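Have a look at the structure below, then the notes.
Source: prediction; values computed, not measured.
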Amino acid sequence: MAGSGGRVWTGVLRIAPSHGDHRVALRAALSVGVPLLILWAVGRLDLSVYASFGAFAALYGRNDGFADRVRMQASAGGILLAAMLAGTALAVIETPAIVSVLVVPVLASLVTLLAYAMQWHPPGALFVVFAIGATASIPASATSFLDVLIVGGASVLFALLVTVAVAIIVTRAIPTMAPSKRPQRVGNIAWEMAVTVGVATMLAGVIGFLLLDSHWYWAMVGAVAAVSGAHVNARVIRGLQRLAGTLLGVLAAAGILALHLPPLAVIAIAVVCQVGAEMFVGRNYGIAMIFVTPLALLMVELAAPIPADVLLRDRALETVIGVAAGTLVAVISATLRRTRTRPGPRRSAHSGNAAASVLCRST
């Protein structure tokens, strides 16, 4: 037990070496920064949340070859766009928040299966949960669908354009499109992941809604992060990193928000935070969250300003709720898996051939 705890804390503090993270950071900075600057120039920063979520397409396929990266970004971008439309639909019909809390986990489970089959990196439904929850919580009208399609769609396309342009500049040639990878078969592992994500997000969302009411989707995002990982130790490590990084990030965000900066300065800081996040997300998730947290709060501040103390409180408490719920579900899931795979007790020789046959198949 002590050895396991030591491995967890070593994993929490470990910083992996860099592997071309600066190139990913550059793509992310351009993909996020340019759409926000355009919205600032035309006086429509209220639409910045759609631009930001569309730009998240640039974050996929960081370690993949050019062809797989472009395909991955295109498919993930399409799903992010659909997620924003789904969240906007919930807002337009004025769905009660508790209903949205129950809808999001279903969609999160479905996207988890899709991400597994398509071999997305980063895997899972974290960005999609964030997109649905945030857009469902923003007041919207019928014209908001057009805003999502134009602003969000343009941001996805621009992210793809940046990926292609950076590849041409780096290789000094037009990259070729290699054959695509075959979709991965969805088996028991994928279904278990989908169920775990669904249960964790629902538990976190319900608790977050009942305790705080607002920004319940942050609890869901925290839960998705806490159930991500190949094994239970990896999931606990990720949950602890998200918790510690978010709390430190809230302190940083408090300092930034206290300055009451003009929108252009806020955009500049958001871009810097995006660069910092991409420089560390593959090396230490906790350090990345120190940058991600101010970025997320600044996105809200640009689109729909609310009192800073409420924003900071909700981010901290909803993250605690989400990580706690996700870690609990991750541990229970691992325990149930071990119980199912544990060999049964040996039977005596007098148990009969039929019983022996069943025992052989079960072990």
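Residues meeting the side chain to side chain contact (heavy atoms under 4.5 Å, CB included) test with Met202, sequence neighbours left out: Leu102, Pro105, Val206.
Between the side chain of Arg69 and the main chain of Gly61, a donor-acceptor pair closer than 3.5 Å is present. Using a distance-only test at 3.5 Å, with no hydrogens or angles considered, no donor-acceptor pair links the side chain of Thr327 to the main chain of Ala324. The backbone N or O of Ala51 lies less than 3.5 Å from a partner atom in the side chain of Ser155, making a donor-acceptor pair. With hydrogens and angles ignored, the 3.5 Å screen pairs a side-chain donor or acceptor of Gln73 with a backbone N or O of Tyr60. At least one donor-acceptor pair under 3.5 Å links the side chain of Gln184 to the backbone N or O of Tyr116. The backbone N or O of Ala296 sits nowhere less than 3.5 Å from a side-chain atom of Glu301 that would complete a donor-acceptor pair. The backbone N or O of Ala91 lies less than 3.5 Å from no partner atom in the side chain of Thr95, so there is not a single donor-acceptor pair. Of the possible polar contacts, none joining the Arg283 side chain to the Ile15 backbone as a donor-acceptor pair under 3.5 Å is found. Checking side-chain atoms of Thr112 against main-chain N and O of Ala194 turns up no donor-acceptor pair under 3.5 Å. A donor-acceptor pair under 3.5 Å links the side-chain atoms of Thr135 to the main chain of Ile132, judged by distance alone.
Note: Leu211 CG to Asp314 CG = 11.0 Å, rounded to the nearest 0.5 Å. Summarising the geometry, atom OG belonging to Ser214 is positioned 7.0 Å from atom CD belonging to Glu318; distances are rounded to the nearest 0.5 Å. Distance check: Arg313 CZ to His215 NE2 gives 9.5 Å after rounding to the nearest 0.5 Å.
Residues Phe53 and Ile38 do not share a hydrophobic cluster, clusters being chains of Ile/Leu/Val/Met/Phe/Trp/Tyr side chains in contact below 4.5 Å. Val49 and Leu126 fall within the same hydrophobic cluster, where Ile, Leu, Val, Met, Phe, Trp and Tyr residues are linked whenever their side-chain heavy atoms come under 4.5 Å apart, directly or through other members. Under the 4.5 Å side-chain contact rule for hydrophobic residues, Ile237 and Ile290 do not share a cluster. A continuous path of Ile, Leu, Val, Met, Phe, Trp and Tyr side chains, each step under 4.5 Å between heavy atoms, connects Leu80 with Phe130, placing both in one hydrophobic cluster. Both Ile306 and Ile256 are part of a single hydrophobic cluster, where members link through side-chain heavy atoms under 4.5 Å apart.
Residue-environment remark: CD1 (Ile174) stays at or below the threshold of 12 foreign heavy atoms within 6.0 Å. Atom CG of Leu161 is surrounded by more than 12 heavy atoms from other residues, nucleotides or ligands within 6.0 Å. At most 12 heavy atoms of other shown residues, nucleotides or ligands fall within 6.0 angstrom of atom CG in Asn188.
When side chains are defined from C-beta on, Leu248 does not count as touching Ile287, because their heavy atoms never get closer than 4.5 Å. Side chains of Ile269 and Leu261 form a contact here, defined as non-hydrogen atoms less than 4.5 Å apart. In this structure, the side chains of Leu264 and Leu37 come closer than 4.5 Å at one or more pairs of heavy atoms. At a threshold of 4.5 Å between non-hydrogen side-chain atoms, the residues Leu26 and Arg23 do not count as touching. Annotation: side chain of Leu302 is not in contact with side chain of Leu298 (no heavy-atom distance under 4.5 Å). For the pair Arg315 and Thr319, the minimum side-chain heavy-atom distance is below 4.5 Å. Taking the side chain as every heavy atom from C-beta outward, Trp216 and Val104 approach each other to under 4.5 Å.
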- Task: Check the pair Val92, Ser141 against side chain to side chain contact (heavy atoms under 4.5 Å, CB included), reporting the backbone distance first and the verdict last.
- Result: CA-CA 5 Å; Val92 168; Ser141 63; 5.6 Å; no

- Message: For a side chain to side chain contact (heavy atoms under 4.5 Å, CB included) check, start with the C-alpha distance between Ser144 and Tyr50, then their side-chain angles and the critical distance, and finish with the verdict.
- Response: CA-CA 10 Å; Ser144 299; Tyr50 304 141; 4.1 Å; yes

- Checking side chain to side chain contact (heavy atoms under 4.5 Å, CB included) for the pair Met279/His22: CA distance, chi angles, key distance, verdict? CA-CA 6 Å; Met279 288 295 293; His22 60 284; 4.2 Å; yes

- Walk me through it: do Val300 and Trp218 pass the test side chain to side chain contact (heavy atoms under 4.5 Å, CB included)? CA-CA 12 Å; Val300 175; Trp218 279 338; 4.0 Å; yes

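The minimum heavy-atom distance linking Val271 with Gly33 is given by the pair CG2-CA, 3.6 Å. Here the closest heavy-atom approach between residue Gly205 and residue Val101 is recorded as C-CG1, 3.5 Å. Listed here is the closest heavy atom pair of Ala330 and Arg235: CB-CD, 3.8 Å. For the pair Pro294 and Phe291, the tightest heavy-atom approach, listed with the atom from each and the gap, is CD-O, 3.3 Å. When every heavy atom of Thr196 is checked against every heavy atom of Ser333, the shortest pair comes out as OG1-OG, 3.4 Å. The two residues Leu257 and Ala308 have their closest heavy-atom pair at CD1-CB, 4.1 Å.
By the 4.0 Å N-to-carboxylate-O rule, Asp46 lies close enough to Arg44 to be salt-bridged with it. At a threshold of 4.0 Å, the pair Arg27-Glu278 does not count as salt-bridged, since none of the basic side-chain nitrogens sits closer than that to a carboxylate oxygen. For the pair Arg71 and Asp64, the salt-bridge criterion is not met [side-chain N within less than 4.0 Å of a carboxylate O].
Residues Arg242 and Tyr285 have side chains that bring a donor and an acceptor to within less than 3.5 angstrom of each other. Using a 3.5 Å distance cut-off with no hydrogens or angles, the side chains of Ser75 and Trp120 do pair a donor with an acceptor.
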